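Quick notes on the structure that follows.
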Amino acid sequence: MLRVAVVGGGAAGLCAARHILSKGKRFAPPVVFELTDKIGGTWCYDERITYDDGRPVHSSMYRDLRTNLPKEVMMFPDFPFESKLSSFLPHHEVQNYLEKYCQSHGIQPHIRFSTAVEKVTPVVLALEENDEQTTWEVTSCDSSGLQKTETFDSIFVCSGHYSVPNIPTIPGMENFKGQVLHSHSYRSAESFSGKTVIVLGAKASGLDISMELANAGAQVRLSFSGPPLAFPLPDGIQEAGLVEAVEGDGSIRFQDGSSGSADVLLFCTGYVFSFPYLDAAQLKLQIQDQLLAPLYRHMMPPSFPSLFFIGMCKLICPFPNFHCQVQFALAVLDGSVLLPSAALMEQEVLEELQEKEQQGVQQRHLMVLQQQQWDYCSMLADAAQFPRLPPAVRSLYEEVWRQRREHPKHYRRANYRLVTDDRWELVR
């Protein structure tokens with residue numbers, strides 16, 4: 001019976017626990033370590049920015065967030081949302097869904113709430129004929145301060161990558177006299193009414209938060225690199241180039257040479273990978289800012305293929321991606337998927353990374369899958385012999401992506417229904 005430790009009780013961790021519990025002949029019940037007193041991870045909204053003990057709140061959820069993917073695409077393939085719900089959901093409905101998923105699969109008894117994982121260490125035992133066996137020591141600490149070290153056969157890292165803000169360096173920031181915050185600490189728009197806010201970053205959260213701020217009466221300058229946006233922005237939002245520096249008088253200078261004053265700088269500039277309980281050098285990994293490499297199949301360090309990072313890829317359908325990664329990982333552990341040697345795995349990953357870099361992909365985008373996610377999930381499914389994701393999920397995802405680009409303010413008004421594995425329809 002293989003013992004698996006799962007770090008994190010968000011969607012990825014719950015998915016890992018659900019599939020481990022379904023394989024009771026080969027796996028002992030999992031131990032899920034959850035830092036907070038609730039499941040849900042980033043979907044668990046908390047209006048605080050710091051916990052009572054001063055630690056930053058893990059979740060980056062803001063009060064009025066609605067999903068930017070429809071529930072028909074978001075769901076775990078084996079656990080649909082309630083059909084009566086709208087396609088685009090407020091965050092509390094996703095939290096409710098995860099709580100039902102947890103209850104339905106009997107996961108809660110296996111979660112240790114308010115327990116921090118402090119250290120995960122591989123223990124390598126030499127066997128005969130140059131073979132070796134790796135187990136893992138996990139040191140954790142609960143809310144009473146009780147520290148415990150236990151041994152596991154495998155580790156699933158499911159602690160996410162949306163909790164440690166990425167804040168770019170801007171020359172002269174010490175001169176800025178207004179408020180500076182990252183979207184991680186943003187909760188609602190009302191307090192920004194009447195203020196001039198420069199939002200740095202025009203990806204999903206940057207656009208959504210800009211529209212919230214404008215609706216609340218803020219004047220927003222949306223600062224980003226690249227070509228102008230291909231759609232008109234609502235009143236109250238003006239496009240701007242990259243922020244180049246803060247001048248001595250506190251004004252903001254943009255890359256195009258223009259300048260202006262602002263009350264608030266709001267960074268919507270993403271997050272960095274952070275796993276303080278892992279020793280990257282010991283695992284022969286690079287973990288820095290937005291780079292996590294090398295990972296075979298975007299999951300396993302080649303030297304330690306019983307350590308699995310779940311859900312670290314970017315621009316994906318998260319829950320279906322977790323569903324595929326977890327099942328592939330368990331197939332590796334139970335021996336039904338055979339891996340190449342560590343040297344061959346590392347060579348394959350490095351070749352993939354070099355190919356991306358030659359194509360001009362920036363280091364911070366090496367974990368982006370986007371259109372490649374479907375072939376990736378199919379590859380995992382075929383190798384581990386579980387059903388592929390339904391083609392209708394990809395088709396609807398791509399349709400919503402188009403609608404979001406063309407109608408960023410209104411695309412969430414639509415409702416959809418999956419008719420068959422191959423077909424979806426618009427519900428009027």
Side-chain angles (χ1 to χ4, degrees), residues 5-14 16-17 30-65 90-99 101-102 107-120 138-150 155-167 179-192 205 208-209 212 264-278 287 289 309-312 318:
V6 178
V7 184
L14 296 176
V31 176
V32 182
F33 296 94
E34 169 51 42
L35 187 63
T36 71
D37 59 359
K38 296 183 180 70
I39 63 126
T42 202
W43 292 100
C44 188
Y45 174 71
D46 192 328
E47 63 183 23
R48 297 173 299 175
I49 295 168
T50 57
Y51 296 115
D52 296 339
D53 62 5
R55 286 182 300 111
V57 164
H58 180 85
S59 174
S60 299
M61 192 59 57
Y62 46 96
R63 187 191 67 197
D64 296 329
L65 179 138
H91 57 75
H92 71 265
E93 290 290 5
V94 182
Q95 176 69 12
N96 290 343
Y97 168 82
L98 292 174
E99 288 171 1
Y101 182 86
C102 182
I107 299 167
Q108 186 129 340
H110 308 289
I111 304 176
R112 294 187 194 166
F113 290 104
S114 302
T115 301
V117 172
E118 296 187 334
K119 196 163 185 58
V120 173
V138 176
T139 301
S140 63
C141 186
D142 67 17
S143 55
S144 72
L146 178 66
Q147 199 174 58
K148 185 189 288 189
T149 298
E150 299 159 279
I155 307 291
F156 279 53
V157 176
C158 301
S159 49
H161 55 95
Y162 293 116
S163 57
V164 180
N166 172 52
I167 300 183
Q179 181 184 4
V180 179
L181 75 159
H182 188 276
S183 58
H184 177 67
S185 302
Y186 170 83
R187 294 294 181 265
S188 57
E190 291 83 0
S191 63
F192 299 95
S205 62
D208 270 1
I209 290 172
E212 275 198 14
V264 182
L265 287 181
L266 175 49
F267 288 89
C268 294
T269 44
Y271 298 84
V272 298
F273 290 116
S274 177
F275 310 100
Y277 48 86
L278 297 177
I287 304 176
D289 297 339
F309 290 85
I310 304 298
M312 300 300 154

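Everything quoted here is computed from the prediction, not taken from an experiment.
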For residues [X] and [Y], report the shortest heavy-atom separation together with the two atoms involved.
{"X": "V138", "Y": "V120", "value": "CG2-CG2, 4.3 Å"}
{"X": "L98", "Y": "A11", "value": "CD2-CB, 4.0 Å"}
{"X": "F192", "Y": "S188", "value": "CE1-O, 3.5 Å"}
{"X": "S183", "Y": "C268", "value": "CB-SG, 3.9 Å"}

Kindly write out the residues that satisfy side-chain hydrogen bond (donor to acceptor under 3.5 Å, both in side chains) with [X], not counting sequence neighbours, or none if the list is empty.
{"X": "Q108", "result": "none"}
{"X": "Y97", "result": "none"}
{"X": "D142", "result": "S144"}
{"X": "H184", "result": "S60"}

Please set out all donor-acceptor pairs under 3.5 angstrom arising from side-chain atoms of residues 31-42, sequence neighbours excluded.
| residue | atom | partner | partner atom | Å |
| --- | --- | --- | --- | --- |
| E34 | OE1 | G9 | N | 2.7 |
| E34 | OE2 | T36 | N | 2.9 |
| E34 | OE2 | T36 | OG1 | 2.7 |
| T36 | OG1 | K38 | N | 3.3 |
| T36 | OG1 | K38 | O | 3.0 |

Side-chain donor-acceptor contact under 3.5 Å, Y62 with E212: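 No, no side-chain donor-acceptor pair sits under 3.5 Å.
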Contact check, side chains of [X] and [Y], non-hydrogen atoms, under 4.5 Å:
{"X": "F273", "Y": "F309", "value": "no"}
{"X": "F267", "Y": "V180", "value": "yes"}
{"X": "L266", "Y": "L181", "value": "yes"}
{"X": "L14", "Y": "I111", "value": "yes"}
{"X": "R187", "Y": "V57", "value": "yes"}

All pairs passing salt bridge (Lys or Arg N to Asp or Glu O under 4.0 Å) where residues 267-278 contributes a residue, at least two apart: none
Qualifying residues under side chain to side chain contact (heavy atoms under 4.5 Å, CB included), relative to T149, sequence neighbours excluded: E137, T139
For D289, all residues meeting side chain to side chain contact (heavy atoms under 4.5 Å, CB included), sequence neighbours excluded: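 Per chain and number, D289 pairs via side chain to side chain contact (heavy atoms under 4.5 Å, CB included) with V272.
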Under the ring-ring contact (aromatic ring centres under 6.0 Å, His included) test, residues paired with H182 that sit two or more places apart: Y271
About how many Å separate [atom2] of [Y] and [atom1] of [X], when rounded to the nearest 0.5 Å?
{"X": "S140", "Y": "L146", "atom1": "OG", "atom2": "CG", "answer": "8.0 Å"}
{"X": "E99", "Y": "N96", "atom1": "CD", "atom2": "CG", "answer": "5.5 Å"}
{"X": "I310", "Y": "I155", "atom1": "CD1", "atom2": "CD1", "answer": "12.0 Å"}

For residues 157-165, run the donor-acceptor check on the side chains, cut-off 3.5 Å, and write out each pair with its distance to 0.1 Å, sequence neighbours left out.
| residue | atom | partner | partner atom | Å |
| --- | --- | --- | --- | --- |
| S159 | OG | Y277 | OH | 2.7 |
| H161 | NE2 | G311 | O | 3.2 |

By salt bridge (charged side-chain N to carboxylate O under 4.0 Å, His left out) - contacts of E150 (at least two apart):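 Listed in chain order: R112.
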Which residues share a salt bridge (charged side-chain N to carboxylate O under 4.0 Å, His left out) with R48, sequence neighbours left out: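 Scan of R48 (salt bridge (charged side-chain N to carboxylate O under 4.0 Å, His left out), adjacent residues dropped) gives D46, D52.
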Could you tell me whether the side chain of [X] and the main chain of [Y] form a donor-acceptor pair under 3.5 Å?
{"X": "Y45", "Y": "D64", "value": "no"}
{"X": "T115", "Y": "F113", "value": "yes"}
{"X": "H91", "Y": "C44", "value": "no"}

